[in-house]
Amino acid sequence: MRVPFIAGNWKMYTNLQEASKLASSLVNSLKNPEQKEVVICPPYIYLGEIREIINNSGIKLGAQNAYFQPQGAFTGEVSFTMLKDIGCDYVIVGHSERRQIFNEDNELVNKKLKASLSCGLSPIFCVGELLEERERGETERVVRLQIESGLDDIPAEDFVKIIIAYEPVWAIGTGKNATPEQAQEVHSFIRKLVAHLSNGSIAQEMRIIYGGSVKAENIERLAEQKDIDGALVGGASLSAESFIKIVQ
Ligand code: PEP
């Protein structure tokens, strides 16, 4: 059985006080979440503080990005090794905001996935098509390319450490979301693709989560779908009340 996985991506929101308050509220309501894995991804700068707040709560710490080199003259960057060192278990890789605003391509995403796995961090690997790509009927082509390039040269036995997040770009932060059926269709396609790249049992074990305007009101129907194993939540993870409802 695949353990449901829910991650909150706080993006570049919150100040220290808000971040601490949000984490404390989650700890109070979600302590030792049963049969679910709950991860929060605050901005880098608050990771140390939040780690102390969620310590021993069962809620895990994730980061939103990292650079693939372990160390060096890369002013302003943070490495996967550093994130592991500070207590992260997860890191988001290939988020559409990184791909679009910071020009991250599939090749860089592949380097980041490898760097993440090599230091024992589990990547939340984001893929998804633009609206015009969906309208041109190219969703599967785009998602296939992102997954094949992202997983290139990664041993199949490592696939189960990766969480794939299917996030149609047109649904991120827009209030529009894919219907549960549209999402299921792509999740099922991804699971078959992973089976083709590895084998059926790895594909069955791998968690594939959905992201794109997930809220308390729409999570239930999404989570009912056979191949949807959880959610990557942006906006709605910034309110303790709504994130708690989503998890529950
Ligand atoms: C995200 O940041 O990955 C995301 C899905 O955001 P939102 O839930 O706000 O659409």
Side-chain angles (χ1 to χ4, degrees), residues 4-14 18-19 22-23 26 36-44 46-47 50 59-66 88-102 104 109 112-113 116 121-131 133-134 139 142-143 146-147 150 162-180 182-184 186-187 190 207-223 225 227-248:
F5 185 96
I6 305 102
N9 173 16
W10 296 3
K11 311 197 187 196
M12 199 174 73
Y13 289 108
T14 70
E18 289 160 351
L22 180 52
L26 299 180
K36 274 173 205 144
E37 209 169 343
V38 179
V39 179
I40 51 177
C41 305
Y44 283 145
Y46 306 134
L47 285 171
I50 303 299
I59 299 173
K60 294 182 181 164
L61 193 62
Q64 299 173 19
N65 178 39
C88 288
D89 289 309
Y90 288 95
V91 57
I92 300 172
V93 173
H95 192 280
S96 66
E97 286 152 18
R98 302 286 329 163
R99 291 179 189 263
Q100 288 193 294
I101 305 169
F102 301 97
E104 294 196 3
V109 169
K112 291 188 174 198
L113 289 171
S116 175
L121 271 174
S122 281
I124 301 169
F125 168 30
C126 301
V127 298
E129 80 287 2
L130 303 171
L131 182 59
E133 291 167 337
R134 173 163 283 265
T139 300
V142 170
V143 170
Q146 289 171 334
I147 292 183
I162 302 173
I163 311 286
I164 295 184
Y166 169 59
E167 302 206 298
V169 179
W170 47 273
I172 299 179
T174 57
K176 291 182 193 160
N177 60 326
T179 63
Q182 278 174 324
Q184 166 58 28
V186 182
H187 281 235
I190 293 174
R207 286 177 293 178
I208 306 171
I209 62 174
Y210 172 80
S213 299
V214 170
K215 302 183 216 54
E217 298 77 47
N218 57 27
I219 184 67
E220 208 160 326
R221 290 244 16 247
L222 287 161
Q225 305 300 312
D227 290 296
I228 300 185
D229 304 314
L232 178 55
V233 187
S237 71
L238 291 166
S239 145
E241 195 191 345
S242 64
F243 191 64
I244 291 161
K245 278 195 195 145
I246 291 169
V247 172
Q248 288 170 342

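Every number for a ligand or one of its atoms is a count from 1 in the order of the listing.
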Close side-chain approach of F243 to I40, heavy-atom, < 4.5 Å: yes

Close side-chain approach of E97 to I92, heavy-atom, < 4.5 Å: no

Inter-residue atom distance H95.NE2 - E167.CD, 0.5 Å rounding: 4.5 Å

Heavy-atom check, side chain of E129 versus side chain of Y166, under 4.5 Å: yes

Close-contact set for ligand 1 against I172 heavy atoms, below 4.0 Å: 4 (C), 6 (O), 10 (O)

Nitrogen or oxygen atoms of G173 and ligand 1 under 3.5 Å apart: yes

Min side-chain heavy-atom separation L238-E18 under 4.5 Å: no

Atoms in ligand 1 with a heavy atom of S213 nearer than 4.0 Å: 7 (P), 8 (O), 10 (O)

Contacting atoms of ligand 1, where contact means under 4.0 angstrom from a heavy atom of K11: 1 (C), 2 (O), 6 (O)

Per-atom contacts of ligand 1 with A171, taking only distances under 4.0 Å to non-hydrogen atoms: 10 (O)

Pair R99-V127, side chain to side chain contact (heavy atoms under 4.5 Å, CB included): steps then yes or no: CA-CA 10 Å; R99 291 179 189 263; V127 298; 4.3 Å; yes

Heavy-atom side-chain proximity of E37 to Y90 below 4.5 angstrom: yes

Part of N9 within contact of ligand 1 (heavy atoms, under 4.0 Å): side chain

Distance from atom 5 (C) of ligand 1 to nearest protein heavy atom, with residue and atom: E167 OE2, 3.0 Å

Which of the ligand 1 atoms, numbered from 1, are nearer than 4.0 Å to a heavy atom of L232: 3 (O), 5 (C)

Within reach of ligand 1, part of E97 (heavy-atom separation under 4.0 Å): neither

G212 touching ligand 1 at heavy-atom level, < 4.0 angstrom: yes

Protein residue, atom and distance nearest to atom 1 (C) of ligand 1, heavy-atom basis: H95 NE2, 3.2 Å

Protein contact to atom 9 (O) of ligand 1 [nearest heavy atom, distance to 0.1 Å]: G235 N, 2.8 Å

Region of C126 engaging ligand 1 - heavy atom pairs below 4.0 Å: neither

Any side-chain heavy-atom pair of D227 and I208 under 4.5 Å: no

Nearest neighbour in protein (non-hydrogen) for atom 8 (O) of ligand 1: G234 N, 2.8 Å

Student check: side-chain heavy atoms of C126 and L232 closer than 4.5 Å: yes

